[in-house]
Structure formats: C-alpha cells, structure tokens
A.B. asks: 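The structure follows.
Chain A is the first sequence line, chain B the second, and so forth, proteins listed ahead of strands; every chain is numbered from 1.
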Amino acid sequence: MQTAIQSMPHGAAHAEPHAEPGFLRQYVFSTDHKVVGIQYGLTALIFLLFGFFLMLTMRWQIAHPGQPVPVVGPLLEAVLGQVAKGGMMSPDLYNSFGAMHGTIMVFLAIVPLAVGAFGNYLVPLQIGAIDMAFPRLNMTSYQFYFLGGIIMFASFFIPGGAAQAGWTSYPPLANAIPTDGQTFWLLGMVFLITSSLLGSVNIIATIIQLRAPGMTWMRLPFFVWAQFVASFLLLLAFPPLEAAGVMQLMDKVAGTSFFLPTGLAVGGAVGQASGGGSPLLWQHLFWFLAHPEVYVLILPALGIIAEIIANNTRKPLWGYKTLVYAALALGFISFIVWAHHMYLTGMGTTIATFFQTTTMLISVPSVIILTCLLISLWGGSIRFNTPMLFASAFLPMFGIGGLTGLPLGFSYSDIHLHDTYYVIGHFHYVVAPGTIFALFAGIYFWFPKVTGRVMNEFWGRVHFWGSLIFMNVVFMPMFVQGLSGMLRRMSDGGATYALRPDVHELNRVILWGAVCLALAQIPFIINFFYSIARGPRVTSDNPWNATTLEWQTPTPPGHGNFDKPIQVYRGPYEYSVPGASKDFTPQNELPAKA
Amino acid sequence: MNKLLGLPEVASAHGHKVDNFIGYVHWLMIVLFVGWLCYFLYTLYRFRQSKSPQANYAGVRSHFSNYLEVGVAGVEALLLVCLAVPLWGEVVGKFPQAEEATVVQVVGQQFAWNFRYAGPDGKFGRQDMAWVRDNNLFGVDPNDPNGKDDVQVLNEFHVPVNKPVITQISSKDVIHSFRIVAMRSTQDAIPGMRIPMWFEPTQTGRYQVYCAQLCGNGHAQMSGGRLVVDTPEDYAAWLASHSGASMSFE
Amino acid sequence: MSGHSPGNAPVQIRKYLAIFGLMLLATLMTAGASYIPFGNRSINVIVALCIAGFQAFLVLGHMMHLLSEKKMIYGVLAFTAIFLVCMFALTILAHHDLPGATAD
Amino acid sequence: MEIPYTVKARPDTGLYNAKVGLWLFLASEVMLFGGLFSSYVLLRVGAPGGLWPRGWLNIPLGTLNTILLISSSITITFAWAALKSNQFGRFKVFLGTTLLLAITFLGIKSFEYRDKLSHYQVTLNSGQVVDGHLVERTADHLVLHGVEADSPKAFLDRRSREFRQLQHEEFKLATAEVKKVEAYKPRMNTYLALYWTMTGLHALHLVGGILVMGYFWGPGSRMWHTAPEHFTNRIEIAGLYWHFVDLVWVFLFPVLYLL
Ligand code: HEA
Ligand code: HEA
Ligand code: CUA
Ligand SMILES: [Cu+2]
C-alpha cells in the first residue's frame, strides 16, 4: 500500500530545475538515493563506533573483574548511576552492553552500512538508473531506521537500562527481567524491521525495473547481485521475526504467554502468566531471521570485494556466472539451516540430520565464491592500494571465520563448542575482519566518487596494518579459550570456572588487542574527515580506471546521476581486453566497430 | 591433535569421540586453510603490478578448482554421513534402559541446579506441572507415597562410575543450559519441557557443572554445580544418607 | 476501451460477479460445515481449510490476477511459498523430534 | 528527469514499478502472517492436554464480517474497472462503498472486542466457576449474566451440547467469595492471545488500507484529471493490497471462529 503512494514521482521538485531546494530538502529530507545513502552511512558509522565502545568497556571489565574501569567507569557511574557503582560494571550492565553490542552491530551498524549505505548509493549508479524506484519510500526507510536507532539508544538511559537478554532475546528471560529495556528493544526492532522491509522492497524493485538499456541480468556487477540476494533475505526472513517481536511485546505488555510455558515460577510478573506457550517457538522464529541475516552481513561484503578485486587485478572476475549462481544458492539454502543454532535445545536425530546436512550444503557455495575470488587473482596485475589491501586481507580472514563454522555446523562437535568463545571467534572473524574490512575497503574505494577527493594512502596503510594485526590479536585467542571450554556472556570473564590459568590470562591479551585496535582506528577517522574537507581533488571522474557505470558519472554525481542517457554494451569486468587500446573498457563504451 | 587444540580433560565414555571428531574437522580445516593460504600468498607475490605489468584477460583455464570444490564437499559429506550423524544418533537416540542407569531429574533455577533421585524404591513420586510451586520445583504430588523416599539435593549430585546416567533436564524459570565439560555433555534446560540426556562417566572425581545459557545477572555465578562420580559403594552410601531428605511441601 | 485506459483486456464484470457469488457461497459453506459433526474434529479442520484454500485460489488467481501475471511475480511468490512451507514444517517437526524419541 | 515505468510497464518484465513493489511487499506480508499462523499451529498442537477453546466467538457476526470484506474486495475491483472504462463517477461510488464496507467491518470488530472486554470468568473460593458478561461491579459484589459450572473445562467447547444446556442466569457474587476475576483479555489464555494479536494486526492493516483508500477517494482523486493512467494504476495497487487483507481474513475466520 505504502508503495503505491510513494511511487508518485517527486515531480514538483524537478519541475523547475533551477529552483535550488533548501538545506532541509537537500540534506535532511532528501529523496535522492545518494543523499539517503550518505545519511545511512554516517549514522551507521557512528553506531559502529558506539558498538565498539560498548565492547571495549566490557573487555576491560572481564580482563579485570572486580576492578573499576578506568576513565570510562566514572563516566558510566555519573550517567547511569547504580548499575556502574564505583565505576565497575554490574552484571546487569554487562548484560545490557553485551545485548546492545550485538544488536547495534548487526541491526544498526553493519546492515545499514552494507545495504543502506553502499546498496543505496551504488545500486542505482551501477545499473544506470537515475534514482531508486521509490525515492520517497527510500527516505522513509531511513527515517524508520533512525527512529529505531534513537529508541535503542534511549533505552540505555531509562531506569534499569537497556535490554539484558542478549541480542537473541530468548524468553522467558527476556520477560523475566523486570525492567523496560526489553520493551524498548522490541519497539526499536519493529521500527528497524519495517525500515529494512521498505528498503529491500525498494532495492529489489529498482534492480528489476530500472536497469539501463542493455543492462541484462548477466551484465550486472556482482555487487548488484549480492545486494539483490541480500535484499530478498531481508524481505522474506524479517517478517517472521516481526511477528515474533509483536508476540513478545504482547507477552511483555499485555500479559500473554506466547513464549511462556505453564508452570513457570519466577518471581513477579511471569509467575502470573497463563502459560501454554513455547520458549522454543521464539527461538525458531528468531533464527529463521537471524541465520539469513548473517548472510545479509556477508553478501554485500563479498560484492564489494569482488568489485575491488576485479578493478585492482585489472582482469575480469574468474567465473562470474558461477559467482552469481553460488550467491543465489547461498541465499536459498540460508532459509533452511536456522536450527543449527539450536542443536542443544533438545533435538532428535531426524531434525538434527536435516539441519546438519543443509549446513554443510551451504558451506559449498561459500567455498565456491571464495575460490572464484582467489582464482581471479591469478594472472592479474595486482595494484596494492589501500582498498586492495583490505580486500585481499578479507579473503583469509573470512576463510578462518568460515572454516571454523564447520565444527559448529556438526551437532556432535557443537556439544563441546556451543555457547563458548569458539562461537564468538567464529562469527567475529566473518563479521569483523571480514565484513568490516570489506566495508573499509569500500569506503576507501568509492570515497573519490562520493566526495570528489581522495583519502590519504599512507594513513590508509597504517590503518590497514594496525587493523589486520590487532583484529587477529583480539579474535584468535578466542578459539583457544573456546576449545578449552570457556563460555560466552560471562560477566566475570569466566573466572568462576576451573579454566587453565593461561587460558584465562588471554583475556588480558584480548583487552590490549582491542585497545590497540581502537587506536588503529584513529588514523582512519582523522583521514576520513580531513579528506572530506581537504583531501586532494580527483583529476578524473574515473580515478581507478574502472569499468562499471558508477564511474561514468560526474564526480560527485548530481541529482539524476548521469549526464547522458546510458546504453550498456558489455559485461561488468572488461579489463585488459586483448587488443583494446587501454586496459579497461567501460560498460557503456561504444563497441569498436559499431 | 586434541592436545594441540587444548581440549580439556574428558571423563566419559563418549567424550573422546567428541574430541576426536573435533580433531578430524580441524584437520580438514587446517589442510584447506594452509593450502589456500600458500596459493594466495604466492599469487599476491607473483602477480604484483611491478612484476606482472600486464594482466591476462582469460586467467586460469584449468578446472582444477572444480575438483577441489567437489573434494571439499566430499570430505564434508563423509564426515557427516560416517561420523556426525551416527554419533549424534548415539547421544540423543540410543538411550540406555532406565533400569540399567542412574536416573536423575535436573531442574535449573536462577542460579543453581536441583537434582532429584528416585530413592531406594527406585520410583519417583508422581509429578505434575500443576503442583509446581516456588518450593516444589519438581511438581511432586505431596500425597504420593512413592515420593516419600525421593532424594533431592541442591547443586552437588552424585553418580556411580561406569554406569550410564540419564538426566531429565528442565528448568523452573528461564532457560539454562546443563553442561558438564568433562562429560562432553550439554543440554539446554528449558522450562515447560523435560529433555533427557545421557552419558557414562568413566573416572571418579568431581566435575564442574556449567550453565551455558545466559539466564540473568547471576549467569556467571551459576557455577556452583558439581557432579561427583563415586565408586558404586560410596554412591550407595551417599544415596542412603540422603534418602527421604527431600523437601516437604505444605 | 476508451481513451484513458491502457486497456490490455476488457474488465470482465460478469466474471467478478460470478466470483463474488462463489466466495459468498464458500463462506456460508465453511460456517455451515462447522456445525456438522463429522465424527472427528480433524475432518472439520480439513474441510474448513479446503474451503479456505479454494477461496484463496479465487482471490489470488482471479481477483488479484495471478493466473495471468508475469513470470517475475511468479518467481517471487514461488520462493515465498517454499520458505513459508519450510517454516511451518520444520518448526513443527522440530517440536516433535526430541532426544530419546527412539529410546523406548 | 522522471523515473521510468511508473505508468507504463517495462517491456521486458511487463510490469510497472509499483506493481513489482507491491507484490514484493505482499510477499513479506505473507511471511508476517505466516509467522503468526505457524505459531498458531504450533501452540494449538502443543496445547496442554490437547485442550483448545472452541466456539468462543460469535459465528454469525464473523460470517457477516467475512461477507462484508469479500464484498468490499469486489467493489474495489469495480472501482478500478470503472476507471478503466473512464467512468469517474462510478469509480467514486464503488470506492466509497468499499470504504463504507471496510469501516462497517471495523465497527463490528470493535463491537466484538468490547464484548470480550466485558466478558468475565470468575473463580469462586468454592471452586465453582461463573462465566458471563458483567452487569454490575461494586466494592462488595459482582453481578454477572451467564452460566456456572464446576470447572473452567466446561466452558472450553461452547458449541458442545453440554455447554448449550447450561442455564443462563444472573449471578450475584459477593467479593469475599471470589478467588479470581478474569476478563477475556489477551492474557487469559493462549487462544485469546492469538485471537487478539492476529485480529488486531489484521485490523491495523485495514486501518492502513482505509487511510490510503480514503485519500484516493478524496484529495488524491484529483490526480485522475492530470494523470489518469497513473491514477488507475494506483487504484489497481490499492485493490491488490485490499484483496490480500481479504485473503488473510479468509483464513482467520475459520481458524479462530469455527475450529
Ligand atoms: C556474516 C556472518 C556469518 C557467516 C558468513 C557465517 C557462516 C557460517 N556459519 Fe556462522 N554464525 C554467525 C555468523 C556467520 N556465520 C553468527 C553471528 C553466529 C552466532 C550467533 C549467536 O549465537 O549469537 C554464528 C553461529 C554459527 C553456528 C551456531 C554455533 C553455536 O551457537 O553453537 C553455526 C553452527 O552450525 C554456524 C555455522 C556456520 C557455517 C557452517 C557457515 C558457512 O557458511 C561458512 C562457509 C565458509 C567456508 C567454509 C570458508 C571457505 C573459505 C575459503 C574458501 C577461503 C580460504 C581463503 C584463504 C585462506 C585465502 N555459525
Ligand atoms: C556485525 C556484528 C558484530 C561486529 C562487527 C562486532 C565487532 C566486535 N565485537 Fe562483537 N558481537 C556481536 C556482533 C558483532 N561484533 C554479536 C551478535 C555478539 C553476541 C552478543 C550476545 O551475546 O548477545 C557479540 C559479542 C561479542 C563478544 C562476546 C561478549 C560476551 O559473550 O560476553 C565480544 C568479546 O570480546 C565481542 C567483541 C567484539 C570486538 C572486539 C569487535 C570489534 O571487531 C569491533 C571493531 C570495530 C571497529 C574497528 C570500529 C570501527 C569504527 C570506526 C572506524 C568508526 C568510524 C567512524 C566515523 C568515521 C564516524 N563481541
Ligand atoms: Cu543459568 Cu546461565
Ligand atoms: Cu547460522
């Protein structure tokens, strides 16, 4: 329904092209996909930093249980009061921070950055469209996202603080905690989900409908395919969680028992519940989303990496079609593996066999994608600029993350590894040195197009090496901890369990790794803002000598994107074509003999 | 390999199978990773711009990678079909007979574990959800004579060595996860459900029970649970000394 | 048809009236069937769901013109249907496949 | 600069933008209600003792509402057909009728909701249970019009012969005798929780539809004079959405009212 209204062309604004739109119209309530993309990007980067800050505080606390957190501790006490008494994080606060770190990173930082920012900005450009199919809807989806973010952020300051039941929000715990944080979380999620749904409708419709003449499906850059699949995952996997969110909200505010079984005996509200519900139902609905969601985190990242590798090896991607089919297969299978997060909730042989099989199946397209990317390097002429550094580091980092998914994917080994730091290590390798590296690569790569200026190469390299080294210092020890049995979500860092002391000692190593990782971000942040204002201007619209359409626009692209009508003649990665005059042939360049 | 991975001590019959399996999977991972990494680093080195100024449009022509992919999938399938599935079937499917095992009911609560034994008569008192109260976690019918000699203990529970143990796991309030690392056994404790799990301890000793599922602000402190594996004689003595000491419910 | 309408096919009012009639009939039938004791409640459930399925077919196929829709839409809906079925089937199966099921 | 294919179909896909968008949106709606329906199935199958309320809702009213919604679905099709054959007046009449039908549906629905809110089940200290509508409530007594039984189980299947044989009368209950008073709110049991949540969410969809159709009927209809084809497309889209709302109800009705 929404769609119908929003599809109204924003005619009025364009009718008289000379009237400059006001500041608000241009930057805040803009319907231009590029502005919306930038809004998404900046908001998400701030959340990314905030999510990291939460985790730094937590890491400090668990490396030094029972001691006040320096610098941040007193601040927390001043702002949040009792929960940070004496500058120490109480378990409640630890749980809040943990739950919100997960939520913020996934729903407010990475997805908005990968799909909201990169997708919004690049998809119309890369397919040769003048804007998204539904520009007003696009603006609305950012606004929903922003509101959701505000609600999540505000929940830190309500009495009792933010949600404490993990990003997974398993009931009955989520209901049993007698504060309103969970209610805020659920409300925030409803907004975020709505935003994602609107956004993905828009991206899919844009890709289907607005491809420029000649831009056939098999000429789409891989990035566009990745966005296409990711948007489908959002579109179809999120609604069940929205339904579940509404039900949990009812449990919380209307006293129903969708997820509360008969015979609960927790003090307070839950004890009054009528019962008859099922806690596992929530888990199914949650993971029905959350597994596809992790591929939403990784697919756009793979898309970015593919673009950058093709550009910087100066040769076509190897096995483009295979890549596309693998991405589609990945998307499809990701809907039927979700219960591998639930092996130990009590699962019989039949269902466990089913989910193990699908989990192993899904690793095959991942391996295929990675193999194609690796083989693409062979025979190239590799240019090691900052984007390429991040892109190449992505490959082994994702490899570690993906491979450690295998022992988790077998229910038998999951007995020992479930809910340990091994899991934390597994998925951080895919999302942190994986997706975040891809996003960094993307930022360095497309920065000249967006701002018309270039980021500093030297500081980019400093940022790269710092991040690469310290990401590994942070996450590699987690496998050791996990194998030795150390559990996640421990507000004391596992001190009450009989772990080997050296394993325990690793908490300090991780802490210092994380601190250094934070320091390594400073050159990036300064470089980023400095370059926006003062960076050297690009001399060409296509500084990387790239082939895809976004580089065939003015820099930065104006409203409407292209100067001239676009006609596409060839595939996306025509680099080093034998016999061509230069080593790249843009997609819209007229064929030599017409 | 298991040493290398730093897996903790194991004291149950199937425990080393879990460890070995983890070992096999890690072999696969390491071989793949090292292979890929060597190829990757070599490529980056060999095809850097200064050394290879002209890229090759066609790239790799051989189909080696297809064999590789099929190989990976094959090994995964092998692990799955030959090990993971049957072994899981052993853990969750092939339960020992209740008569030949020590049967213990487990109920998690914030933030401790409760254990209940049938007592000398070998019969649990009748239980029903409707009886569950704050002071009657197992929902035992107070009028059933079978329940009179039941044993109920908090946090520390005993079992005899070399005899299968069946634990019936549930929870009173929120989801916990009953995990004994040394037994390589984990099962979520979910309110409203009673899920069986079994293992066979092969060494006497005291082992820590972990709570592996976030269950509130005391989750990290829910570490007081102990499994004590006794010799059969010690176990019998222990059970007798606790018989009938179950709580009274008014 | 006249100037304004892009008019691919003339809108068939008669057809819609027929569908309307069928829909009403089906509604009355479901309501009616629920009063009939078939002996087993699950038969009632099956009958009701079959009638609802028929109504869904009418609404989707004819009123929403799915029967003559474009390939793209079929694709989207086919995937939706598959995932929906998976969600139903697997959650319910999972609830009935617990450890120890094969024990005794 | 106009976004292409807002009015005319794109040749290779054969669709205009809004139609693609709407079907995508409907796909996600299918998953949304699918999530709720699968919860329904799961909770019902897993209900303790297989006990599930039956006949708690007013079937004639439900049937009436179903008919209203089906009719509104037809009238919006006619509204669209009217635009297709260039009859703006007829369009106004049919869309207006659709709106009226939709509002009547909501009116009846809210009457049913009100009825549930004034419906109580009272457990007495003696174990007797009285179930009925509240007539009066003061500090020291309650007056209910309804039926009485030994256990709430007697009220579970209200289409059974046993239940229909119960005498309806007025009960005056002293507050001192009363152990528990419970209205037919979502919290009472899983069935009511599902009923309120599912129909509530469905009603919200109706409200959204009414707002949009109201706009197209009123101020939005000016567009007919400037961009008739575009306007016709919008009505088609609104119709698709509205049929979907109807479709959901076609399942909700038997599932909640009849089974
Ligand atoms: C982007 C995110 C992402 C990705 C891509 C994946 C990918 C995979 N995940 Fe992961 N996973 C998460 C995010 C992700 N996961 C998160 C967030 C959780 C925890 C949630 C929570 O509990 O809070 C989780 C948890 C999780 C579990 C549950 C563990 C538990 O709780 O006990 C399981 C179990 O099966 C699993 C399996 C897998 C598998 C088999 C893959 C496979 O798809 C991986 C396939 C990939 C490969 C096999 C790699 C191939 C590599 C190469 C070819 C490259 C080599 C290259 C060089 C060396 C240069 N994951
Ligand atoms: C996409 C998801 C994502 C990402 C990126 C991260 C990133 C990180 N995570 Fe997170 N994490 C989760 C998702 C994520 N995490 C989830 C879902 C959980 C489970 C929660 C739960 O238990 O419920 C979790 C839990 C979790 C734990 C376990 C806590 C516990 O169980 O008790 C730990 C412990 O160390 C941790 C650490 C880190 C670290 C050190 C990073 C670092 O990699 C962070 C790196 C960040 C940066 C390097 C910031 C860069 C920012 C900028 C450069 C900003 C620039 C700004 C401008 C230009 C304006 N995470
Ligand atoms: Cu109990 Cu964690
Ligand atoms: Cu997963």
A.B. asks: Given heavy-atom pairs under 4.5 angstrom as the criterion, report whether the side chain, backbone, both or neither of D/D12 touches chain C.
C.D. replies: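 It is neither, since no heavy atom gets under 4.5 Å.
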A.B. asks: Any side-chain heavy atom of C/M72 sitting closer than 4.5 Å to one from D/L15?
C.D. replies: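 Counting from C-beta outward, C/M72 and D/L15 do come under 4.5 Å.
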A.B. asks: With rounding to the nearest 0.5 angstrom, report the CG to CE distance, D/D246 to C/M64.
C.D. replies: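 Atom-to-atom, D/D246:CG and C/M64:CE are 9.5 Å apart.
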A.B. asks: Looking at D/K153, I'd like to know if its NZ atom is crowded, meaning that more than 12 non-hydrogen atoms belonging to other residues, nucleotides or ligands lie closer than 6.0 Å.
C.D. replies: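 Counting other residues, nucleotides and ligands, NZ of D/K153 stays at 12 neighbours or fewer.
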A.B. asks: Show the nearest heavy-atom pair for residues D/R54 and C/S34, with the distance to one decimal.
C.D. replies: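 So the minimum-distance heavy-atom pair works out to NH2-O, 3.6 Å.
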A.B. asks: Side chain, backbone, both or neither: which part of C/L28 has an atom under 4.5 Å from a heavy atom of chain D?
C.D. replies: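 Looking at C/L28, just its side chain touches chain D.
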A.B. asks: Yes or no on side chain to side chain contact (heavy atoms under 4.5 Å, CB included) for C/L17 and D/F78, after CA distance, side-chain angles and deciding distance?
C.D. replies: CA-CA 10 Å; C/L17 282 175; D/F78 286 172; 3.8 Å; yes
A.B. asks: Out of curiosity, C/F88 CZ to D/Y40 OH, how far, rounded to the nearest 0.5 Å?
C.D. replies: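 C/F88 atom CZ to D/Y40 atom OH measures 11.0 Å (nearest 0.5 Å).
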A.B. asks: Taking side chain as C-beta onward, heavy atoms only, is D/I74 less than 4.5 Å from C/M23?
C.D. replies: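 Result no, sub-4.5 Å side-chain heavy-atom pair not found.
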A.B. asks: Tell me, side chain or backbone of D/V45 under 4.5 Å from chain C's heavy atoms, or both, or neither?
C.D. replies: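 Just the side chain, heavy atoms under 4.5 Å.
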A.B. asks: Checking heavy atoms, do the side chain of D/I59, its backbone, both or neither come under 4.5 Å from chain C?
C.D. replies: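 Answer is side chain: those atoms of D/I59 sit under 4.5 Å from chain C.
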A.B. asks: Determine the minimum heavy-atom distance between C/E69 and D/K19, stating which atoms define it.
C.D. replies: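 Scanning both residues completely, I find the closest heavy atoms to be OE2-CE, 3.2 Å.
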A.B. asks: Would you give the length of the straight line joining atom OG1 of C/T30 to atom CG of D/L259, rounded to the nearest 0.5 angstrom?
C.D. replies: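 Reported value, rounded in 0.5 Å steps: 9.5 Å.
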A.B. asks: Can you give me the closest heavy-atom contact between C/V59 and D/H243, atom names plus distance?
C.D. replies: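 Scanning both residues completely, I find the closest heavy atoms to be CG1-O, 3.7 Å.
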A.B. asks: Nearest 0.5 Å please: distance from the CD1 atom of C/I13 over to the OG atom of D/S85.
C.D. replies: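 Going from CD1 on C/I13 over to OG on D/S85, the span is 7.0 Å.
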A.B. asks: Using non-hydrogen atoms only, which part of D/F37 is less than 4.5 Å away from chain C: side chain, backbone, both, or neither?
C.D. replies: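 Contact with chain C involves both backbone and side-chain atoms of D/F37.
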A.B. asks: Take D/W23 and C/L66, measure what side chain to side chain contact (heavy atoms under 4.5 Å, CB included) needs, and give me the verdict at the end.
C.D. replies: CA-CA 10 Å; D/W23 274 108; C/L66 253 194; 3.7 Å; yes
A.B. asks: How long is the straight-line distance from CG of D/L240 back to CG of C/L60, given to the nearest 0.5 Å?
C.D. replies: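 So the CG of C/L60 and the CG of D/L240 are separated by 10.0 Å.
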A.B. asks: Answer yes or no: are there more than 12 heavy-atom neighbours, outside D/F88 itself, under 6.0 Å from its atom CZ?
C.D. replies: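 Atom CZ in D/F88 is crowded, with more than 12 foreign heavy atoms closer than 6.0 Å.
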A.B. asks: With a 4.5 Å cut-off on side-chain heavy atoms, are C/Y35 and D/R159 touching?
C.D. replies: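 A side-chain contact under 4.5 Å exists here.
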A.B. asks: Which atoms of C/F79 are under 4.5 Å from chain D, going by heavy atoms: the side chain, the backbone, both sets, or neither?
C.D. replies: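 Answer is neither: C/F79 stays 4.5 Å or more from chain D.
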A.B. asks: Among D/L247, D/L42, D/V255, which residue has the highest count of heavy-atom pairs closer than 4.5 Å to chain C?
C.D. replies: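 Going by pairs under 4.5 Å, I would pick D/L42.
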A.B. asks: Are the side chains of D/T13 and C/K70 in contact, using a 4.5 Å heavy-atom criterion?
C.D. replies: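 No, every pair of side-chain atoms sits at 4.5 Å or beyond.
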A.B. asks: Taking every heavy-atom pair that is under 4.5 Å apart, which of D/S71, D/P254, D/P60 has the most such pairs with chain C?
C.D. replies: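 Most heavy-atom pairs under 4.5 Å with chain C: D/S71.
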A.B. asks: Do you know which two heavy atoms are closest between D/T63 and C/A31, and how far apart they sit?
C.D. replies: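 That would be OG1-CB, 3.9 Å.
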A.B. asks: With respect to chain C, which residue among D/G34, D/G62, D/G55, D/S39 yields the maximal number of heavy-atom pairs within a distance under 4.5 Å?
C.D. replies: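 Heavy-atom pairs under 4.5 Å are most numerous for D/G34.
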A.B. asks: How close do D/G35 and C/M87 get, counting heavy atoms only, and between which atoms?
C.D. replies: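 That closest heavy-atom pairing would be N-CE, 3.5 Å.
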A.B. asks: Heavy-atom distances under 4.5 Å only: say whether D/S28 touches chain C with side chain, backbone, both or neither.
C.D. replies: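 It is neither, since no heavy atom gets under 4.5 Å.
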A.B. asks: Find the one option among D/I67, D/L26, D/I76 whose heavy-atom pairs under 4.5 Å with chain C are most numerous.
C.D. replies: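 That would be D/I67.
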A.B. asks: D/W80 vs C/H65 aromatic rings, parallel, tilted or perpendicular, using cut-offs 30° and 60°?
C.D. replies: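 Rings of D/W80 and C/H65: tilted, 30 to 60°.
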A.B. asks: Crowded around D/W217 CH2? As in, over 12 foreign heavy atoms under 6.0 Å?
C.D. replies: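 No, CH2 of D/W217 has 12 or fewer neighbouring heavy atoms, counting only those of other groups under 6.0 Å.
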